[in-house]
Amino acid sequence: MSGSIPPPIGLLAELTHRCPLGCPYCSNPTDLEKRGAELDTATWQRVMREAAALGVLQLHLSGGEPAARPDLEAITATAAEAGLYTNLITSGVLLNGARLRALADAGLAHVQLSLQHAEAAAADRIGNFRGGHARKLALVEGIHAAGLALTINVVLHRGNLDSVEAMIALAERLGAGRLEIAHTQYHGWALRNRAALMPSAAQVAESRATVLAARERLQGRMAIDFVAPDYHASRPKACMGGWGRQFLNVTPSGAVLPCHAAETIPGLSFPRVTEQSLAGIWYGAEAFNRFRGTAWMPEPCRSCDRREVDWGGCRCQALALTGDATQADPACALSPHRAALLAALEAPAEDSLAFRR
Ligand code: SF4
Ligand code: FES
């Protein structure tokens with residue numbers, strides 16, 4: 001079997017679900033894993049070595065907030081020694097210049113810093129953490145001083161679409177090499193808050209126009225990635241580059257998943273790194289093979305000429321919208337379940353947000 005399956009490119013290591021922020025658009029599960037269930041340092045270090053041996057090139061240290069782990073430097077050092085390109089996905093509020101230098105010394109290459117809004121009061125309100133925005137801005141000097149590459153990441157939703165232009169200007173001022181502007185994907189807490197986060201079609205169109213104009217203007221100075229929202233699209237994206245094709249995800253307690261929301265899919269069981277090798281799971285686990293390739297697809301995907309372009313979209317989104325992960329993703333206008341997506345789009349907007357906790 002492994003002969004026909006390419007190795008993964010990237011590993012998302014969710015070191016912990018603990019996080020001082022409480023963003024309502026978080027894609028972590030609503031039932032967060034507790035500190036006591038987290039893998040220990042030695043196990044994470046073994047995972048890093050196994051990932052490199054398996055062929056993984058990029059490691060994304062994530063969470064929750066990965067800096068909540070005091071052993072972040074030790075895990076990073078092992079990953080870098082094993083040859084992985086290491087990226088830290090962080091809210092920044094638990095870091096300082098000294099820790100950034102220690103991480104850079106350990107081999108960290110890149111920091112992806114999240115911002116919630118261009119204005120402090122609004123940003124702190126969205127992140128549910130007073131003073132967070134100021135701490136993030138103060139950290140940027142330390143990121144540059146440590147010689148780390150910087151990407152600013154912004155998740156868009158109804159509560160910050162007024163700030164797209166200002167956030168682009170802020171990322172430019174902060175000296176980011178790259179800005180990633182991504183509309184919310186509705187998994188975990190974001191799915192729970194969907195009716196309060198969902199933008200209008202006009203807002204989505206405006207955000208796209210703003211980003212495209214800025215991309216043109218800033219060419220050669222700051223790269224801008226724009227992730228359009230599936231709910232306003234007529235064809236889905238290839239979620240994770242296709243199930244079991246490019247990425248794997250390890251949860252704080254060591255479950256190995258094809259995507260961060262896979263545990264919502266009933267009937268699948270996910271082996272842990274404490275039970276099997278990463279390679280054994282990637283090539284052999286039933287959960288990874290369940291939606292790999294095209295053989296599992298129903299119509300209209302099975303006979304569609306995009307089946308090896310988007311790989312049928314997102315299984316977790318199909319589940320969330322239709323109750324069945326095996327169905328065509330309703331983000332596709334050809335899906336027989338398109339009405340489920342349209343109903344969610346047309347649902348009355350809500351004001352109250354459930355903050356992640
Ligand atoms: Fe993709 Fe399936 Fe839609 Fe074709 S029918 S575009 S494969 S989701
Ligand atoms: Fe699970 Fe898209 S998030 S397949």
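Note: hydrogens, waters and symmetry copies are ignored here, and every other heavy atom, side chains too, is used. Just so you know, ligand 1 is whichever comes first in the structure, and atom 1 is the first atom listed for that ligand.
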Revision key, fill the gap. If you scan protein heavy atoms around atom 2 (Fe) of ligand 1, the nearest is C301 SG, 2.3 Å
Check your understanding: Would you say the ring centroid of Y25 lies under 6.0 angstrom from that of W189?
Key -> no
Study note, to complete from the structure: So for P236 against ligand 1, with non-hydrogen atoms under 4.0 Å, the contacting part is side chain
Revision key, fill the gap. So the atoms of ligand 2 within less than 4.0 Å of a heavy atom of C314 turn out to be 2 (Fe), 3 (S), 4 (S)
Exercise for review: Tell me which protein heavy atom sits closest to atom 7 (S) of ligand 1, plus the residue, atom name and distance to 0.1 Å.
Suggested key: D310 OD1, 3.4 Å
**Study point:** Atoms in ligand 1 with a heavy atom of R307 nearer than 4.0 Å
**Key:** 7 (S)
Point to revise | Distance-only side-chain donor-acceptor flag, S253 / E33, under 3.5 Å | key: yes
Point to revise | Backbone or side-chain N/O/S of H187 under 2.8 Å of atom 1 (Fe) of ligand 2 | key: no
Review point. Between Q276, E50, R272, which is the residue that forms a side-chain contact (heavy atoms from CB on, under 4.5 Å) with I281?
Key: Q276
Point to revise | Numbered atoms of ligand 1 (with element) below 4.0 Å of R235, judged on heavy atoms | key: 6 (S)
**Study point:** Atoms in ligand 2 flagged as close to C316, the criterion being non-hydrogen separation under 4.0 Å
**Key:** 1 (Fe), 3 (S), 4 (S)
Review point. Counting each atom of ligand 2 from 1 as listed, which ones have a heavy atom of C259 under 4.0 Å away?
Key: 1 (Fe), 3 (S), 4 (S)
Exercise for review: Could you check K34, E65, E38 and say which one makes a side-chain contact (heavy atoms from CB on, under 4.5 Å) with R18?
Suggested key: E38
Exercise for review: Determine, for K237 against D230, whether the closest basic-nitrogen to carboxylate-oxygen distance falls under 4.0 angstrom.
Suggested key: yes
Exercise for review: Please state whether the separation between atom 3 (Fe) of ligand 1 and some N/O/S atom of C332 is under 2.8 Å?
Suggested key: yes
Point to revise | Side chains of D124 and H117, donor plus acceptor under 3.5 Å | key: no
Review point. Roughly how far, to the nearest 0.5 Å, is the CG atom of N249 from the CZ atom of F247?
Key: 10.5 Å
Exercise for review: Could you establish whether R315 and ligand 2 come within less than 4.0 Å of each other, counting only heavy atoms on the residue side?
Suggested key: yes
Revision key, fill the gap. Nearest non-hydrogen contact to atom 4 (Fe) of ligand 1 from the set A333, C304, A238, S335 belongs to C304
Revision key, fill the gap. When D329, L342, T322 are each screened for side-chain contact (heavy atoms from CB on, under 4.5 Å) with H337, the one that passes is T322
Check your understanding: Which atoms from ligand 2 have a heavy atom of C239 less than 4.0 Å away?
Key -> 2 (Fe), 3 (S), 4 (S)
Review point. Is A328 in contact with ligand 1, taking contact as a heavy-atom separation below 4.0 Å?
Key: no
Practice item. Compute whether any side-chain donor of one residue and acceptor of the other, for E286 and N289, lie under 3.5 angstrom apart. Key: no
